[in-house]
Every structure is written in C-alpha cells, then in structure tokens.
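Data first, discussion second: the structure below is written as structure tokens.
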Amino acid sequence: MNKEKLESIKNELEDEKAMLEVKIDTLEQGEDFGDDIDSLEEEADESTEWQNQTAASQVLRERLADIDSALARMEKGTFGKCEECGEDIGMDMLQVNSTSKLCRSCKKLAREEENA
Ligand SMILES: [Zn+2]
C-alpha cells in the first residue's frame, strides 16, 4: 500500500474517531430525562430510551475500538496485513472496511465458523 493511501485512510479514521467520541459523550451523558417522571407510562418510555442509548453507545464504542486498533497497526506498520495469515488484506477489502483485520479468505472462514 502506498504512503499517500495510508495517510488518507489514517486521516479518515482519525476524523471518524473524533466524531465518535463526541457522539458517545453526548449519548452517555444523556439528555436530562430523569427528573420529570409524572406517569408510569412516561417512566417506561424513559427506560426504553435509556436502553436504546446504551445499546447505541455500545455499538459506537465497538467501532471506536476497531479504529483504535487500526491506528495502532498503522503505528506498528502492520496495517493492511491479515492478522490470521499475514497476507495483504488488499485494497478492495480496505476500501469497503478500512479497519478490517482479516483478508478476504480468512474473513470468509471466520464467518463460516460463526454460522456453524
Ligand atoms: Zn488471511
């Protein structure tokens, strides 16, 4: 992979990371939805909302962890190599998912195992 391409992926990931951190902060600090419990129905709504927010922030945190790990691999110079077999992941895969840790064939195997 050439340096320019790597730099541009890195910039994109860093932008996305900054955006995610803001979103997670917003979600986890929550809007103030605790003080106005005046009916049971509303209380239930608020609890569902809280669960949704927690689930959403969980997804964002997982994405953030993927980005961190991709950035760490860039530091080490192993970005773009499959963690499983050490082959190049390939630009086509990275274009779809720049934080992918596996090459196409290892990813396929992992998916088959997951579904087994
Ligand atoms: Zn592989």
Side-chain angles (χ1 to χ4, degrees):
M1 188 184 317
N2 69 48
K3 240 184 163 171
E4 275 162 40
K5 189 70 211 170
L6 191 65
E7 275 300 306
S8 95
I9 295 179
K10 188 176 176 193
N11 286 337
E12 276 171 33
L13 289 178
E14 278 172 346
D15 282 355
E16 190 180 347
K17 180 178 166 171
M19 188 193 74
L20 283 171
E21 281 169 345
V22 172
K23 277 195 186 170
I24 290 170
D25 260 11
T26 315
L27 273 172
E28 290 186 352
Q29 280 165 22
E31 284 132 66
D32 157 33
F33 55 92
D35 289 336
D36 58 341
I37 304 168
D38 31 39
S39 76
L40 278 175
E41 203 182 319
E42 197 172 318
E43 191 176 4
D45 279 354
E46 278 164 4
S47 146
T48 311
E49 190 181 346
W50 183 81
Q51 280 174 356
N52 288 341
Q53 288 191 343
T54 308
S57 84
Q58 184 63 32
V59 170
L60 296 178
R61 280 189 176 283
E62 278 166 20
R63 176 70 188 151
L64 191 60
D66 280 348
I67 291 175
D68 275 339
S69 117
L71 290 172
R73 292 198 301 279
M74 282 177 185
E75 292 289 314
K76 283 194 294 185
T78 59
F79 181 79
K81 301 263 185 241
C82 175
E83 278 196 344
E84 204 54 44
C85 67
E87 295 292 318
D88 281 338
I89 290 174
M91 230 29 245
D92 54 338
M93 283 285 287
L94 290 174
Q95 234 135 28
V96 179
N97 175 11
S98 56
T99 60
S100 181
K101 293 174 195 166
L102 299 175
C103 69
R104 186 183 293 276
S105 46
C106 291
K107 189 155 202 156
K108 191 161 169 267
L109 276 176
R111 199 170 292 158
E112 280 166 8
E113 272 170 30
E114 236 171 68
N115 293 334

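Quick caveat, the model's predicted, so the values are computed rather than measured.
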Between OG1 on residue Thr26 and CD on residue Gln53, distance to nearest 0.5 Å: 10.0 Å
Lys81 side chain reached by Ile89 side chain, heavy atoms, under 4.5 Å: no
Main-chain N/O of Gln95 paired to Ser98 side chain as donor or acceptor, under 3.5 Å: no
Please list every donor-acceptor pair under 3.5 Å in which a side-chain atom of residues 102-116 meets a protein atom from a residue at least two apart or in another chain.
{"from": "Arg104", "atom 1": "NH2", "to": "Asp92", "atom 2": "OD2", "distance (Å)": "2.7"}
{"from": "Asn115", "atom 1": "ND2", "to": "Arg111", "atom 2": "O", "distance (Å)": "3.3"}

Atom CD of Glu84: over 12 foreign heavy atoms under 6.0 Å: no
Considering all heavy atoms, the nearest Cys85-Cys82 contact: N-SG, 3.4 Å
pair Met74-Leu71: side-chain heavy atoms closer than 4.5 Å: yes
Solution key, residues 58-70 side-chain donor-acceptor pairs under 3.5 Å, sequence neighbours excluded:
{"from": "Gln58", "atom 1": "NE2", "to": "Glu62", "atom 2": "OE2", "distance (Å)": "3.4"}
{"from": "Arg61", "atom 1": "NE", "to": "Glu28", "atom 2": "OE2", "distance (Å)": "3.0"}
{"from": "Arg61", "atom 1": "NH2", "to": "Glu28", "atom 2": "OE1", "distance (Å)": "3.0"}
{"from": "Arg61", "atom 1": "NH2", "to": "Glu28", "atom 2": "OE2", "distance (Å)": "3.4"}
{"from": "Arg63", "atom 1": "NE", "to": "Glu16", "atom 2": "OE2", "distance (Å)": "2.7"}
{"from": "Arg63", "atom 1": "NH1", "to": "Thr99", "atom 2": "OG1", "distance (Å)": "3.1"}
{"from": "Arg63", "atom 1": "NH2", "to": "Glu16", "atom 2": "OE1", "distance (Å)": "2.9"}
{"from": "Arg63", "atom 1": "NH2", "to": "Glu16", "atom 2": "OE2", "distance (Å)": "3.3"}
{"from": "Asp68", "atom 1": "OD1", "to": "Lys17", "atom 2": "NZ", "distance (Å)": "2.8"}
{"from": "Ser69", "atom 1": "OG", "to": "Arg73", "atom 2": "NH1", "distance (Å)": "2.7"}

Co-membership, hydrophobic cluster, residues Leu27 and Met19, 4.5 Å side-chain: no
